[in-house]
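Below you'll find the structure, written out as structure tokens, and then a few comments.
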Amino acid sequence: MFKLLYYRTLYSQSAASLTIGYLAAYIRQLGATAEISLLELGGMNNAQKVLRNTNPLDIIIYKVNYQDYKEGCEILRAVKHFCPDRKVYLLGYFAEMNCAALGKKYDFIDGIIFHDGCYFIQKYLESNGGELCGGMFKKEPQNSFFYNDQVKNIPLSELPFPARDIEKLEKHSYINITKSVGCYGKCSFCHINLIHRNFSTRSVQSVVDEMCFCQKELGKKMFIFNDSAFWFSHKDDSMIDEFVDLLKKKKLRINFMIYLKCTPFIGKKRLQKLKEVGLCRVFIGIENISNRFLDEYHKKVLDYYEILMAFQELKISYHIGFILFHPHVTIPELRENIKFLFRLKKLFRIGIIVEKMRMLPRNNKDTSFSSNNEVDKAYDYNFDNQEVSMAFDLLCSFYKCIDVRNFENVCTSTLFLINLYQNEYGDENAAVFNLFINEVNEFNQYAYQFYCRLFNLVEEKASYSQIWSVIEKNQPDFIRYYYNFE
């Protein structure tokens, strides 16, 4: 049996992992057994979940993430201590990007599987475990690793629908789905571009058939497409037409969310078509509006105000990807981007304020990491500008007074629901809708003035303690807004 493990830290979507779901379904299609276990960060019963219903010959595959790898790998280290013959493999973008570092620090693992794991499984089962390919694997008895990273990509169209073990247990109505994997973009800060995987898609008919299955069998009504972009260029126009026609033909009463690119932009005409069959929210990567950032990180964004106005005019909720603090940012650039967020009334997105840009490794076989066996050094860098460094430290200290994730999630989710239901329930609930929106707008104005004041003090070379004494006076107001939103 294959025991498939993963954590989930993105609570805005289903707790299910499509990567694990597809892998489990493929294993079962090939006649083997697969069990999925969802681990909880800090959970006291994680070891029990790992070992439940297993025997010493079972294979453990752990889809690892930068937020959970330390805990997950230590649990597996303990498993290998008591069950040394049990095979343990790591999987996922994070594992592939950091394979050399992970292999050095966690030398008990038997290998790191590249790509989605399906080709590894195919060869493993065909050879009864004798052929290891598609990754980095341990060579016995030398106890060293070797690379056999030639992978035959199995097209998405040839894979079965993903196993929905986790979704069957979830009581909410939303579910993750995908029609393609890979991306044509060149953004240098994105892991999809760093790990070169062939772009793969499946038929629109297959996608709609799966949506029908998930609605009928699982009761799901909100579909979150995890494609890096639902529409890439005008070559996808016919796909949009077919998708819309099929949903209308099936008479599915559903809603869905998609990711989109800024350049090229899908356009209002196609957005309107998608809205007619349930499009309610778009995730779009603006990332940053400073020209230097856009040039340095190969991000092309043109006419972003025009793009966002299209969503507003069509009453489609949108959620922007945004990077504020990166290694080379300056105070004027921070001001420029804070002003942009202010104009969009998005300053409740505090997570943008307190999180650095992740700097991804350029070479997964690099072993020149520090002596203390660090694996993920994505945040382990200093800003070029000392004033920026001070501003970031002050903001991170300041926001310890509230739960940043909860603050942002309450605002984002409530505004999304208001947008979703305002046409259906607008008349009877207009007063309470407006009350919340007004509170958000008031906070937006307050936060903008706060950030401007902070940046001014930093540029005036005020001391850390002087600045802190000024901004500390604002903490009670932020706490008040926090509970008002709740």
Checklist entry - Should Tyr62 and Tyr106 be marked as a ring-ring contact (aromatic ring centres under 6.0 Å, His included) after you check the CA-CA gap, both sets of side-chain angles, and the distance that decides it? => result CA-CA 13 Å; Tyr62 165 36; Tyr106 302 109; 9.5 Å; no
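Side-chain N or O atoms of Asn46 include one that pairs as donor or acceptor with a backbone N or O of Glu40 at under 3.5 Å. The backbone N or O of Thr19 sits nowhere less than 3.5 Å from a side-chain atom of Asp116 that would complete a donor-acceptor pair. Checked by atom type and distance alone, the side chain of Asn409 never pairs as donor or acceptor with a backbone atom of Arg405 at under 3.5 Å. Of the possible donor and acceptor atoms, one in the side chain of Asp110 sits under 3.5 Å from a partner among the backbone N and O of Val88. Under a 3.5 Å cut-off, the side chain of Lys268 and the backbone N or O of Glu313 do not form any donor-acceptor pair. Remark: side-chain polar atoms of Arg28 are paired, donor with acceptor, to backbone N or O of Ala34 under 3.5 angstrom. A donor-acceptor pair under 3.5 Å is formed between the side chain of Lys356 and the backbone N or O of Tyr379. A donor-acceptor contact shorter than 3.5 Å links the side chain of Glu96 to the backbone of His115. A donor-acceptor pair is defined here as one N or O able to donate and one able to accept, closer than 3.5 Å; such a pair exists between the side chain of Arg86 and the backbone of Asn55.
Considering only heavy atoms from C-beta on, Leu91 comes within 4.5 Å of Leu23 through its side chain. At least one side-chain heavy atom of Ile59 sits less than 4.5 Å from a side-chain heavy atom of Tyr124. The side-chain heavy atoms of Tyr22 and Leu156, taken from C-beta on, include a pair separated by under 4.5 Å. Between Phe416 and His319, the closest side-chain pair of non-hydrogen atoms is not below 4.5 Å. At a threshold of 4.5 Å between non-hydrogen side-chain atoms, the residues Leu279 and Ile258 count as touching.
Side-chain contact check for Glu131 and Asn148: no donor-acceptor pair (N or O, by modelled atom type) lies under 3.5 Å. Glu71 and Tyr7 are linked by a side-chain donor-acceptor pair at a separation below 3.5 angstrom, with hydrogens and angles left out of the test. At a cut-off of 3.5 Å, with distance as the only test, no side-chain donor of Asn98 or Tyr66 sits close to an acceptor on the other residue.
Nearest heavy atoms, Ser37 versus Lys49: OG-O, 3.5 Å. Residue His172 comes nearest to Lys220 through the heavy atom pair O-NZ, 2.8 Å, listed as atom of the first residue, atom of the second, then distance.
Taking CG of Leu38 as the start and CZ of Arg8 as the end, the distance is 9.0 Å to the nearest 0.5 Å. With rounding to the nearest 0.5 angstrom, the CG atom of Leu260 is 12.0 Å from the CZ atom of Phe225.
Under a cutoff of 6.0 Å and an axis angle of 45°, Arg343 and Tyr305 form a cation-pi pair. Both tests pass for Lys179 against the ring of Phe230: distance under 6.0 Å to the centre and angle within 45° of the axis. Both the sub-6.0 Å distance and the 45° axial angle are not jointly satisfied by Arg349 relative to the ring of Phe322. Both the sub-6.0 Å distance and the 45° axial angle are satisfied by Lys346 relative to the ring of Tyr318.
Taking the six-membered ring wherever Trp is involved, the centroid distance between the rings of Phe407 and Tyr399 does not fall below 6.0 Å.
In this structure Asn288 satisfies the side chain to side chain donor-acceptor pair (under 3.5 Å) test together with Ser290, Asn337, sequence neighbours excluded.
At a threshold of 4.0 Å, the pair Glu276-Lys248 counts as salt-bridged, since one of the basic side-chain nitrogens sits closer than that to a carboxylate oxygen. With salt bridges taken as basic N to acidic carboxylate O contacts below 4.0 Å, none links Lys138 and Asp107. With respect to Glu74 and Arg77, a salt bridge is recorded, a charged nitrogen being found less than 4.0 Å from a carboxylate O.
Under the 30°/60° scheme for interplanar angles, the aromatic rings of Phe311 and Phe265 are found to stand perpendicular.
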